[in-house]
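Just dropping this structure here.
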Amino acid sequence: MDIYFIRTQKILATTQINLADYVINPYRGCEFGCLYCYSQENKNLQNPKFFNSLGIKINAQEILEHQLYYIKPKRVLLGSTTECFQYKELEYKITEQILLVLNKYKIPYTILTKSYLINKYLLLIKENPENKIYFTFNCASNQIIKLLEEKSPTIEQRLETIENILEKNINLRIHIGPFIPYLDDLNKIFNILPKKIKEVDIELYHHKMGNFQKILQAVYKKIDDDAYFKLIAVYQNPKAYLYFTQNLKEKILELKILNPEINFFYIVPNFDNFYENTINYQQPL
Ligand code: SF4
């Protein structure tokens, strides 16, 4: 992994994602290397080596303080195009510096993560009761994680982290996303999650998210042939996709009946224009 340093002009940016009005990405690139990551295809990031190089925004804290002099965000989203708690964070602590500034100005934030390294930051995050963590738990098998997310945390590390977040009473949503059809079973994923969770979303994978061909290559002959060909069939045309989305919705509704205390959200990207889509993460099922 090549490390380079960025002296950024702007760390707070406006966002279309309906979870906050501003977003911060402390790094450019990501060590976790998920094949479905849409950031690797994002031309705005101007980083063809998204998984092989990591840009460290070394002046993030100073620029954030400066921007907050002029901008008053209602809420900040952390980690829309990078993982805030990747391994180099232990060394450079850019995310930690950002959390300290946001806490100082009492600006609530929502964090997107799948990393167990967030454990070290839970006391900081807990300082503001409005803060929230969206924690990704999109499969139930370490074999699939190894195939699709080479360096990201294991199932056990994620479950332990979820328990810690719950134990600290920090607002939490479990993000089952992207949910890739036939690689894992939704019930299986759901069954290993702690029973105390109160909010779950299921975001269906879209074939323009990350690199679908690489995903198919990675799982070919590693999952059974039936599942492999069914996965391809889901994305063959809008009709097949629609049919799958409706079946999945029925399964989620069954889960909802069995777990009435949990709020469910179901996110289905538009088949034809994924990138033009404004996805609504706040619309309950
Ligand atoms: S952890 Fe997030 S940002 Fe990093 S590669 Fe995976 S999906 Fe992309």
Side-chain angles (χ1 to χ4, degrees), residues 1-3 6 11 13 15-17 19-20 23-57 60 76-92 94-95 98 109-119 121 133-139 141-142 144-155 157-159 161-162 165 173-180 183-184 189 201-215 218-219 267 269 274-275 279 281:
M1 166 82 50
D2 294 331
I3 302 294
I6 300 167
I11 190 77
T15 178
Q16 300 283 322
I17 304 172
L19 295 176
V23 64
I24 294 178
N25 286 294
Y27 299 96
R28 189 185 292 162
C30 188
E31 292 176 87
F32 285 5
C34 312
L35 295 181
Y36 55 72
C37 178
Y38 70 84
S39 302
Q40 61 183 308
E41 307 291 326
N42 187 336
K43 293 179 185 63
N44 296 331
L45 296 177
Q46 300 170 333
N47 182 3
K49 297 183 185 166
F50 187 77
F51 295 138
N52 301 321
S53 65
L54 186 66
I56 317 274
K57 298 184 184 173
V76 172
L77 181 64
L78 284 154
S80 65
T81 59
T82 189
E83 170 59 64
C84 296
F85 304 93
Q86 51 191 297
Y87 306 113
K88 285 292 173 194
E89 166 65 16
L90 292 176
E91 202 175 322
Y92 293 100
I94 308 297
T95 302
I98 289 167
Y109 43 87
T110 296
I111 296 170
L112 310 179
T113 186
K114 62 178 62 155
S115 176
Y116 67 97
L117 296 180
I118 198 173
N119 278 310
Y121 297 78
I133 298 170
Y134 276 51
F135 197 87
T136 299
F137 195 88
N138 54 342
C139 74
S141 124
N142 281 323
I144 298 292
I145 289 185
K146 268 271 156 249
L147 293 172
L148 300 188
E149 313 177 11
E150 204 187 337
K151 296 183 192 138
S152 82
T154 62
I155 298 292
Q157 287 168 325
R158 294 189 206 197
L159 285 173
T161 308
I162 291 169
I165 296 170
R173 180 189 284 197
I174 299 296
H175 175 57
I176 304 180
F179 175 74
I180 305 182
L183 292 194
D184 229 326
I189 297 173
D201 75 44
I202 297 100
E203 180 177 10
L204 184 59
Y205 174 72
H206 189 279
H207 55 297
K208 287 192 182 148
M209 200 172 182
N211 193 321
F212 190 37
Q213 287 312 314
K214 278 194 188 159
I215 291 173
V219 300
I267 299 135
F274 174 65
Y275 282 105
I279 290 178
Y281 289 93

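Values below: every heavy atom of this structure, side chains too, minus hydrogens, waters and symmetry copies. Both ligands and their constituent atoms are indexed starting at 1 by order of listing.
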Q) Atoms of ligand 1 less than 4.0 Å from T82 heavy atoms? A) 3 (S)

(Q) Using a 4.0 Å cut-off to any heavy atom of C37, which atoms of ligand 1 qualify? (A) 3 (S), 5 (S), 7 (S), 8 (Fe)

**Q.** Where ligand 1 meets G33 - atom numbers and elements under 4.0 angstrom, heavy-atom basis
**A.** 5 (S)

Q: Assess the pair F85 and Y121: is the distance between their ring centroids shorter than 6.0 Å?
A: yes

(Q) Quick test of your reading of the structure: of K151, K114, E31, whose heavy atom lies closest to atom 2 (Fe) of ligand 1? (A) K114

**Q.** Y27: which of E83, E89, Q86 passes side chain to side chain donor-acceptor pair (under 3.5 Å)
**A.** E89

Q) Does the T95 side chain pair with the main chain of C84, one donor and one acceptor, at a distance under 3.5 Å? A) yes

Q.
Under 4.0 Å from a heavy atom of F32: which atoms of ligand 1 are those, numbered in the order shown and with their elements?
A. 1 (S)

Q. Could you give the distance from CG (N138) to CD1 (I180), rounded to the nearest 0.5 Å?
A. 7.0 Å

Q. With a cut-off of 2.8 Å, does C30 place any N/O/S atom under that distance from atom 8 (Fe) of ligand 1?
A. no

Q: Classify the ring geometry between Y134 and H175 as parallel (under 30°), tilted (30 to 60°) or perpendicular (over 60°).
A: tilted

Q.
Suppose I only count heavy atoms of C34 and a 4.0 Å limit; which atoms of ligand 1 are within that range?
A. 1 (S), 5 (S), 6 (Fe), 7 (S)

Q.
Nearest 0.5 Å, please: how far is CZ in F179 from CD1 in I189?
A. 5.5 Å

